[in-house]
Novice: 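One structure, as structure tokens, below. Some questions next.
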Amino acid sequence: MPYSLASYLTVSSLLFCLGMYTVLTRRNAIAILMGIELVLNAAALNFVAFSRFLQAVEKSAQLSGQVFTLFIIAVAAAEVAVALAIVLSLYSKMKTIDVEEFRQLHG
């Protein structure tokens, strides 16, 4: 069964909406990080889909979607590592990962 660009964009928009819903509604820091990952994966899926279905002018431009996706994966991995380190540090001091409790850090 061949897949069209519209089917990839539908899945990508669902991922993006689920990620944004998670980020906006959750109070758990780990759940918020998971929502951000869904948003980044939606963007990566868009890059790969457009790279696959749109005609490239040059041969080197055909891989640009995959290169952007690898860059997104690297940035997401770094973002998760830093964010988890911050969450673990806050958990060791405050014994909670509720982002509402972190408002006490404003000084």
Novice: Is it true that a side-chain atom of T25 and a backbone atom of Y21 form a donor plus acceptor pair closer than 3.5 Å?
Specialist: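 A pair under 3.5 Å: yes.
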
Novice: Would V82 and M34 show up in the same hydrophobic cluster when neighbours are defined by side-chain heavy atoms closer than 4.5 Å?
Specialist: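 In one cluster with V82: M34, no.
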
Novice: Looking only at heavy atoms, what is the nearest atom pair of L15 and A42, with distance?
Specialist: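 Minimum heavy-atom contact is CB-CB, 3.8 Å.
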
Novice: Between CG of N41 and CZ of F16, what distance do you get to the nearest 0.5 Å?
Specialist: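 Reported value, rounded in 0.5 Å steps: 12.5 Å.
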
Novice: Donor-acceptor check, side chain of S51 to backbone of F47, threshold 3.5 angstrom: yes or no?
Specialist: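 Looks like no, no N/O pair under 3.5 Å.
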
Novice: Just how far is it from atom CG of L38 to atom SG of C17, taken to the nearest 0.5 Å?
Specialist: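 The distance works out to 11.0 Å.
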
Novice: Tell me the closest heavy-atom pair linking R26 and I32, and the distance in Å.
Specialist: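 Heavy-atom minimum between the residues: O-CD1, 3.6 Å.
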
Novice: Are V75 and V80 connected into the same hydrophobic cluster when the rule is that any two of I, L, V, M, F, W, Y join if their side-chain heavy atoms are below 4.5 Å apart?
Specialist: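 The answer is no; the residues belong to distinct hydrophobic clusters.
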
Novice: Passes side-chain contact (heavy atoms from CB on, under 4.5 Å), I30 versus V87? Steps please.
Specialist: CA-CA 8 Å; I30 303 297; V87 168; 4.0 Å; yes

Novice: Before we go on, tell me: are the rings of Y8 and F53 under 6.0 Å apart, centre to centre?
Specialist: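 Under 6.0 Å, so yes.
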
Novice: Considering all heavy atoms of both residues, which atom of A31 and which atom of T22 are nearest to each other, and what is their separation?
Specialist: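 Nearest pair, atom of A31 first, then T22: O-CG2, 3.2 Å.
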
Novice: Identify the two heavy atoms, one from A76 and one from L40, that lie closest to each other, and give their separation to 0.1 Å.
Specialist: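 Looking at all heavy atoms of both residues, the closest pair is CB-CD1, 3.6 Å.
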
Novice: Side chains of L45 and V11: closer than 4.5 Å at any heavy-atom pair?
Specialist: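 The answer is yes; the side chains approach within 4.5 Å.
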
Novice: According to a 4.5 Å side-chain heavy-atom criterion applied to Ile, Leu, Val, Met, Phe, Trp and Tyr, with indirect links allowed, do I36 and L90 form part of one hydrophobic cluster?
Specialist: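 As far as the 4.5 Å side-chain criterion goes, L90 and I36 are connected within one cluster.
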
Novice: Could you pull out the closest heavy-atom pair between L33 and A83, with the gap in Å?
Specialist: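 Result for this residue pair: CD2-CB, 3.3 Å.
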
Novice: Would you name the heavy atoms of S92 and S89 that are closest together and state the gap between them?
Specialist: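 In this case the closest contact between S92 and S89 is OG-O, 2.7 Å.
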
Novice: Would you say Y3 and L5 are hydrophobically clustered, going by side-chain heavy atoms of ILVMFWY under 4.5 Å?
Specialist: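 Yes, one cluster joins them.
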
Novice: Could you measure the distance from the NZ atom of K95 to the CD atom of E101? Nearest 0.5 Å is fine.
Specialist: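 Taking NZ in K95 and CD in E101, the distance rounds to 14.5 Å.
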
Novice: Go through F50 and L9 one step at a time and tell me if the side-chain contact (heavy atoms from CB on, under 4.5 Å) criterion holds.
Specialist: CA-CA 9 Å; F50 280 117; L9 294 180; 3.8 Å; yes

